[in-house]
Amino acid sequence: MLKVMGICFIVAGTAGFGRYFSSYLKMHLEQLVECREIFTQMDAGREYLRLPYAQLLKRTAKGKQEIISQILIEVADEMEKNTQGDATSLWDAAFQKRKKQLLLKEEEKDLLLSLARSLMMEGDHTQVAKIYFMQLEDKIKKAMEEKREKQKLYGAVSVLGGLFLVILLL
């Protein structure tokens, strides 16, 4: 009876380990999609509302994921305090401060920084922003494919690893 319970715990633990990695991929994808929505809203707000960049950031932060909202508000506050500062460095500092919470890869962060910089440009920024939006869409598609492929892999490997461990311990 004790062996059966041990086997169940081992298999359940390894299945949970696989679910942890699957949830990591899901959160990564959610953060990318959330960033796309934010920058799309900012682009539309910049185009039609003609708000200053800091106000646009604060307006866009409402109702978003906590970590993304914190980044937007922090950048907006710093921009209001120091109007002569470089916004790209403010974005970078906000990303670096939340490095462990953000599940974005370095190239994705660079793309988001470039997109933020392009939305700050005065005048016609739409062509540059469109290029970055297309690159962001590609990153999201790749993350979706990666999630689909690796989710099954993580589940299968974790259960098989648990079964292997059970056999090894018997």
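Quick note: numbers below take in every heavy atom, side chains included, and nothing from hydrogens, waters or symmetry partners.
- Taken to the nearest 0.5 Å, the NZ atom of K152 stands 11.5 Å off from the OG atom of S22.
- For the atom pair Y154 OH and L25 CG, the distance stands at 5.0 Å (nearest 0.5 Å).
- Counting heavy atoms from C-beta on, the side chains of W91 and L72 come closer than 4.5 Å.
- L136 is connected to M144 through a chain of hydrophobic side-chain contacts under 4.5 Å among Ile, Leu, Val, Met, Phe, Trp and Tyr, so both are in one cluster.
- Residues E107 and L111 are not in side-chain contact: their nearest non-hydrogen atoms beyond the backbone lie 4.5 Å or more apart.
- Around NZ of K109, the count of heavy atoms belonging to other residues, nucleotides or ligands within 6.0 Å exceeds 12.
- Remark: E106 CD to K99 NZ distance equals 6.5 Å, nearest 0.5 Å.
- F164 and L160 fall into different hydrophobic clusters, where Ile, Leu, Val, Met, Phe, Trp and Tyr side chains are chained together by heavy-atom contacts under 4.5 Å.
- A donor-acceptor pair under 3.5 Å links the side-chain atoms of Q31 to the main chain of L103, judged by distance alone.
- Salt bridge annotation for D77-K58: present, with a cationic side-chain nitrogen under 4.0 angstrom from a carboxylate oxygen.
- In this structure, CG on L104 lies 6.5 Å from CZ on F95, to the nearest 0.5 angstrom.
- Between K105 and E146 a salt bridge is recorded (basic side-chain N to carboxylate O distance below 4.0 Å).
- Residue V157 belongs to a hydrophobic cluster whose other members are L153, with links defined by side-chain heavy atoms closer than 4.5 Å.
- Within the 3.5 Å criterion, the main-chain N or O of A94 finds a donor-acceptor partner in the side chain of R98.
- A side chain to side chain contact (heavy atoms under 4.5 Å, CB included) with Q151 holds for exactly one of R148, K147, E149; it is K147.
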* **Full working for side-chain contact (heavy atoms from CB on, under 4.5 Å) between L112 and Y132** => CA-CA 8 Å; L112 294 174; Y132 291 127; over 6 Å; no
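- In the hydrophobic clustering of this structure, I73 does not group with L113; members are Ile, Leu, Val, Met, Phe, Trp, Tyr whose side-chain heavy atoms approach within less than 4.5 Å, directly or through other members.
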Please list every donor-acceptor pair under 3.5 Å in which a side-chain atom of residues 59-69 meets a protein atom from a residue at least two apart or in another chain.
residue : atom : partner : partner atom : Å
T60     : OG1  : L56     : O            : 2.6
K64     : NZ   : Q41     : OE1          : 3.3
E66     : OE2  : Q70     : NE2          : 3.2
S69     : OG   : A61     : O            : 3.3

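- Interatomic distance, NZ of K139 versus NE2 of H28, reported as 9.5 Å (0.5 Å rounding).
- For K141, there are no side chain to side chain donor-acceptor pair (under 3.5 Å) partners two or more places apart in sequence or in a different chain.
- In this structure, the separation between CE on M27 and CD on Q101 is 10.0 Å, given to the nearest 0.5 Å.
- Heavy-atom minimum distance, A129 versus L115: O-CD1, 3.9 Å.
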